[in-house]
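What follows is a short report on a single structure.
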Amino acid sequence: MRLLSAVLIGLFVWCAALPVSAQVQRTERIAAELVPMSQWAAPGSTAIVAVRQDIEPGWHTYWRNPGDSGGPTELDWTLPGGVEAGDIVWPLPERQRLQSLMNYGYSDQVYLPVPIEIPADAAPGSVLPLSVDALFMVCSDEMCVPDELTLTLDLRVDDGEAPLDRAHGAAISRILETAPRPGDLTARVTRQGETVLLSVTGDALTDEGLSDVYFFPFEGGVIDHPADQPGERGPDGLSLTLTAGRAILTGGLSGPMAGVLSTSEGAWEIIAEVGEPLAGTSGEGALAEGAKPTGVGVFLQAALFALVGGLILNLMPCVFPILAMKAASLSASAHEPGEARRDGLAFLAGVLTTFLILAVALIGLRAAGQAVGWGFQLQSPGVIAGLALLMLAVGLNLSGVFGVGMAAQGLAEGGAGGRLSRLPGGAGAFFTGVLAVVVAAPCTAPFMAFALGAALVMPAPMAVSVFLMLGLGLALPYVAVSLSPGLLKRFPRPGPWMDRLKGVLAFPMYGAALWLVWVFARQAGAESLALLMAGALMLALGLFLWGWRQTARAEGRGGMVSSVAAVLSIVAAVGFAGAGASLARAPDAVGTPGSEGSTLSSTPWSPEAVQAARAEGRVVFVNFTADWCVTCKVNERAALASERVRSAVETTGAVYMVADWTLRDDAIAAELERHGRSGVPLYLVYSPGSDAPRILPQLLTPGLVAEALNDAA
C-alpha cells in the first residue's frame, strides 16, 4: 500500500509539472499544436512557446519571404492581460524549386518559436491561457490551401528556473541555437545593370572551406529567386552576384537589402547598405556552389520522369510514322523468336545510341555557351531538308520501289515485296531506332519537361543518364514485345498480307516528309522550297532507278546505265536540297509562323513586351512554340483556336504573345531555361500583381486555357 501511494504521489507530481494544452488540431494537410520549451514560466521572464507543424508528405508551408509563390505563416494571439508575444524566430528555410519557381519554406516537421513576455506580477501556481489563430498556407506542387487553426496552451507559472519540456524542449532549443541571428558582419549592395553585387566582410566568412553560400532576402521581388548566386572569396569576406528582381528593375535600388546569409559554417541576418563593393571580398577564387537540383533524390526523380516521358512519347503524333515501321518489323519476325529478340535489342541499341549522341551534343553546345535545348537540330533548315528527303526515301522503301541490302536471290526467295520493303535484319532494326529518336525530337511528352530541364543543370554523367532513360522509355514497349514469345505468337503468320501492310504503312512516312517540307518552307522561304522540291523529285527518280537496277541484277541482267543514272540523280537531289538550305532567309524575315495555328490575334513575345503589358495591369498569355513542334500545333488547333479561348481572351482583355522558336533564338532559349524547360511547348499566364506566372500543362484543352485566363483576371 505504501509503495502504491508513493507511485501515485510521484505520478501526481510528474503530471503537475506538465503544462496542460489542447489536443493537436488537424486538417488533411497539416497537424499543428502550441507547445512550450520549458515546463513552466517564471514571473518577469521571457518564456518560449512554439507552433509545431507536422506537414503531410508532398505538402509544405512557408518562411517569412515565401519566394515566388505561397505565403508565410501568420499568428494572431489572444493573451491574458500583461502577457505579450514577440515575433516568430524563423528557422533557416529550405529551398523548394518547382519548375521555374523557387520557394522558401518547410516540409515534414518544423517548430516556429515565439518569445512570450510574462508579467512580473504573475502569481506562482497560476496558469496563463495562451491562444493563437494560426493561418498556414499549405501547398503542394499542384495546389495551395489556406488552413486556419486555433491553437491553445495553458502555461503554468512558478518560481525558479524551469527544466526543458520533456516532449518538445530539446527540439525548440536546437532551433533557437541554429536560427539565423545578427552577427559581426558588414554588408554592402551595389547595382550592376540587371544584377546586384552583395559584398560581406567578417571573420566568420574567411574560412577557405566555406561553401553552400546563399542569400535569402526578407522581401520578395528584390532578386530573381530561382537564379543562381555565383560568388567569390576574398581575404576579408565574400561577394555574391544576384540577379535583380522586378522591384529593383522597375524602381531601382533605393534602400538597404536585408535578409539571411546562409553558409556551411552558419547563417546570419544581415542588412546591406547601398554603396560601393567592400574591399577584400573577391580575388581568391569562386565559392563552392550552393545546392542545385543535382542530388541523388532529384536525379532519381528526373530519371523516373524521363522513363515515363519516353513511354508516353510513343503516343505522341510525331512518332506515329515510326510506329508503322516498328509494326511492320514485328510482323515480319513475330514467328522467329531469335530474330525478334535480335531486332528488339538492335532497336534499343539504335535508340540509346542516338539519344547518347544528342545528349553529348546538347551538353557540349551548352557548355560552349550556346543557348540550345531539346529539338535544337530542327532549328536548322539543312537538317529539316535532310530529314524530309530521308522520310521520302523510307516511304519509297516501304512501298517496294527499292531495297537496301537486297541479295541477288531476293526475288526468288520472297518476291519483290518480301526483301525490298524493309532493311535487312539487325541493321534495319538499329536504323529504325535511330529514326525513331530523330522524328521524336519535335515532340515533348508530359513528364519530359522536368526531366530534361533538371538534366541540363546536372553534372554531365547524370544528364546523359537521364537522356538514356528517356530512350529506354521510348524503346521499352517494342523491346518488351520482342522478348515475349507469348505475345509474338498472337501475331498472324507471314503471308501476302504483309506486303500490302507495308505498302499502306509507307503513307505515314510520306506524310512526315510533307510536314517537314512545310516546316522547311516556313524556315527558308519560297525559293528554297522550290529547290528542295526539285531535290525530292531527283531523289525519287534516283531511288526508282536504283530499284530498277536491283530488279535487273536479280534477274541476271546488267544494270550499269541505271546505276550511273541513279547515282547522278541522288547526287543532284543532295545538291538541290543543300542549295535550298543555304539560301534560307534570316530569322527576322520569316514572320510569325507560330501564330497561324490559332485564330487569336497575337503579338511577338519579348521580355520588354511582357513587362509593358503587365505594367498596364493586363493579363498576359505567352505561347512558346515552333513550327516543327507537333505537340504545339495540335494544341494551337485543338485548344487555342477554339471559340471558348477566344472569348476568354476578349473578356479578360488578355494580351496573347507568341514566342516562335522555329529558328534559333537565344532570348527564347534563355527564357525557357529560366522556367526549367529545355524545349517547347511552354505556356505562361501572368496575373496582374503577381511576379510568377502560372505554367499550364503541355497538353491543352479549351476549358483549361479559358479557366486559367479567367482566374488570372
Quiz item: Excluding sequence neighbours, so at least two apart, what forms ring-ring contact (aromatic ring centres under 6.0 Å, His included) with Tyr510?
Solution: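 Tyr510 satisfies ring-ring contact (aromatic ring centres under 6.0 Å, His included) with Phe507 only.
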Exercise. Check ring-ring contact (aromatic ring centres under 6.0 Å, His included) between Trp605 and all other residues, then give those that pass, not counting sequence neighbours.
Key: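 Listed in chain order: Phe624.
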Considering only heavy atoms from C-beta outward, does the side chain of [X] approach that of [Y] to under 4.5 Å?
X: Tyr656; Y: Ser601; value: no
X: Ser602; Y: Met657; value: no
X: Phe355; Y: Leu474; value: yes
X: Val519; Y: Trp515; value: yes

Please identify each residue that fulfils side-chain contact (heavy atoms from CB on, under 4.5 Å) with [X], with sequence neighbours left out.
X: Phe544; value: Val401, Trp548
X: Ala566; value: Leu545, Trp546
X: Ser606; value: Glu608, Ala609
X: Leu472; value: Leu307, Leu348, Met469, Leu476

Quick check: does any side chain N or O of [X] sit under 3.5 Å from a backbone N or O of [Y], one acting as donor and the other as acceptor?
X: Ser482; Y: Val479; answer: yes
X: Asn397; Y: Phe402; answer: yes
X: Ser642; Y: Ala639; answer: yes
X: Asn623; Y: Val658; answer: no

Quiz prompt | Sole candidate of Val649, Val610, Thr603 that passes side-chain contact (heavy atoms from CB on, under 4.5 Å) when paired with Val655 | solution =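 Of Val649, Val610, Thr603, side-chain contact (heavy atoms from CB on, under 4.5 Å) with Val655 is met by Thr603 alone.
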Exercise. Quick one: list whatever passes side chain to side chain donor-acceptor pair (under 3.5 Å) with Ser569, sequence neighbours left out.
Key: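 By the side chain to side chain donor-acceptor pair (under 3.5 Å) rule, Ser569 matches no residue at all.
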Self-check item: side chain to side chain contact (heavy atoms under 4.5 Å, CB included) between Arg694 and Leu684, intermediate numbers included
Solution: CA-CA 6 Å; Arg694 174 179 174 181; Leu684 304 179; over 6 Å; no
Quiz item: What are the two closest heavy atoms between Tyr683 and Pro697, and how far apart are they?
Solution: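 Where Tyr683 meets Pro697 most closely, the heavy atoms are CD1-O, 3.6 Å.
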Exercise. Sequence neighbours left out, what passes salt bridge (charged side-chain N to carboxylate O under 4.0 Å, His left out) with Arg644? Give chain and number order.
Key: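 Partners of Arg644 by the salt bridge (charged side-chain N to carboxylate O under 4.0 Å, His left out) criterion come out as none, since no residue qualifies.
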Exercise. Using the side chain to side chain contact (heavy atoms under 4.5 Å, CB included) rule, take Asp343 and Phe347 through it: C-alpha gap first, then chi angles, then the decisive distance, then the call.
Key: CA-CA 6 Å; Asp343 288 355; Phe347 176 78; over 6 Å; no
